[in-house]
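Both counts, for ligands and for their atoms, begin at 1 and track the order of listing. These figures come from a predicted structure and were not determined experimentally.
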Amino acid sequence: MSKPLVLIVEDEADIADLIEFHLAREGYQTSVASSGIAALDAVSDEEPALILLDIMLPDLDGLEVCRRLKASSATEQIPIIMVSAKGEESDVVVGLELGADDYVAKPFSPRVLLARTRAVLRRHQAAPAPDGSAIEHLGVRIDPQRHEVRVNGDPISLTLTEHRLLEYLAARPGFVRTRDQIVSAVRGEGTVLSSRAVDVHVASLRRKLGDHSSIIETVRGVGYRLADPDSVVTT
Ligand code: CA
């Protein structure tokens, strides 16, 4: 069976060629669009399984392309990985909040690009975990129904906000979440949370996780994610 089709949206031909080369070597089918409008056309013609989306593009920029794809029921399910240049972290935050799945920073390492591609496709094909089931991750067990977290089998005491925060990140290991996404997910009845307060809760959570504190990773300029040894590759 042939591998899924990945649409590469990139206006710089040499970068598009490079991405295409690495994906093709892994057996993916590829297609290239060199502008925002061309990308929207290609999505409706070719129905790609994944889109690698550059941010700075002629005509429509990558964020606008993302906004339009996520606004349409025909295309909202297609996963998007943004490909951003250095200094575009604020655009990355906007893109993630628009519904992009992840991002890769330029200049990218081929290993990182392929790892993120595999991870995003895998998670979109995998059935979601049933609601309320416990998550066991890197020695940390999170049980949403019992409101219990265990580190190496020993229960630790978390505040409600810390618990919700950890559960939210644990729902998708390896995927970065922005502070505002965390605020929206964690905020509950009687909980007021600013995006800056997220940092304070993360710091407290890390202290309580002790030598497992590194499972919560800081993504500079963007937000936080739960470490995932299967999909995160350090450069
Ligand atoms: Ca560009």
Side-chain angles (χ1 to χ4, degrees), residues 3-72 74-121 123-124 174-181 218-223 225 231-235:
K3 281 218 183 184
L5 172 68
V6 178
L7 175 64
I8 301 158
V9 184
E10 172 61 67
D11 59 321
E12 287 171 65
D14 50 345
I15 297 176
D17 286 351
L18 188 66
I19 296 175
E20 206 170 18
F21 169 79
H22 288 292
L23 290 175
R25 206 170 55 171
E26 291 284 305
Y28 293 101
Q29 302 179 67
T30 57
S31 174
V32 176
S34 59
S35 78
I37 300 279
L40 293 174
D41 288 344
V43 169
S44 54
D45 292 348
E46 300 168 13
E47 298 177 4
L50 170 74
I51 303 168
L52 294 175
L53 182 59
D54 184 29
I55 292 178
M56 294 292 281
L57 291 169
D59 55 56
L60 300 179
D61 70 22
L63 294 177
E64 182 57 27
V65 171
C66 182
R67 185 178 287 116
R68 293 192 189 189
L69 293 174
K70 293 300 173 185
S72 156
T75 53
E76 66 180 348
Q77 299 303 325
I78 304 172
I80 295 175
I81 299 177
M82 288 176 293
V83 183
S84 72
K86 198 174 164 59
E88 290 180 346
E89 286 84 1
S90 60
D91 289 332
V92 166
V93 168
V94 172
L96 291 169
E97 285 166 3
L98 285 171
D101 289 82
D102 207 342
Y103 78 101
V104 173
K106 285 185 205 170
F108 58 85
S109 109
R111 280 180 63 214
V112 170
L113 182 81
L114 291 169
R116 304 315 289 156
T117 298
R118 273 194 299 271
V120 169
L121 285 170
R123 285 193 208 297
H124 270 260
F175 283 75
V176 60
R177 300 293 200 174
T178 71
R179 286 174 178 76
D180 282 350
Q181 286 178 316
T218 302
V219 183
R220 195 179 313 181
V222 179
R225 71 179 165 217
S231 65
V232 175
V233 181
T234 44
T235 33

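Within the protein, the N, O or S atoms lying under 3.0 Å from the Ca ion (ligand 1) are Asp11 OD1, Asp54 OD2, Met56 O.
Lys70 contributes no side-chain N or O that, together with a main-chain N or O of Gln77, makes up a donor-acceptor pair within less than 3.5 Å. The main-chain N or O of Leu69 is never found under 3.5 Å from a side-chain atom of Ser72 such that the two would form a donor-acceptor pair. Between the side chain of Glu88 and the backbone N or O of Ile55 there is no donor-acceptor pair closer than 3.5 Å. Proximity of a side-chain donor or acceptor of Asp61 to a complementary backbone N or O of Met56 within less than 3.5 Å is not detected.
Among residues two or more places apart in sequence or in another chain, the salt bridge (Lys or Arg N to Asp or Glu O under 4.0 Å) test is passed with Glu26 by Arg118.
Checking each of Asp54, Asp59, Asp11 against Ser35 for a side-chain hydrogen bond (donor to acceptor under 3.5 Å, both in side chains) leaves exactly one that passes, namely Asp59.
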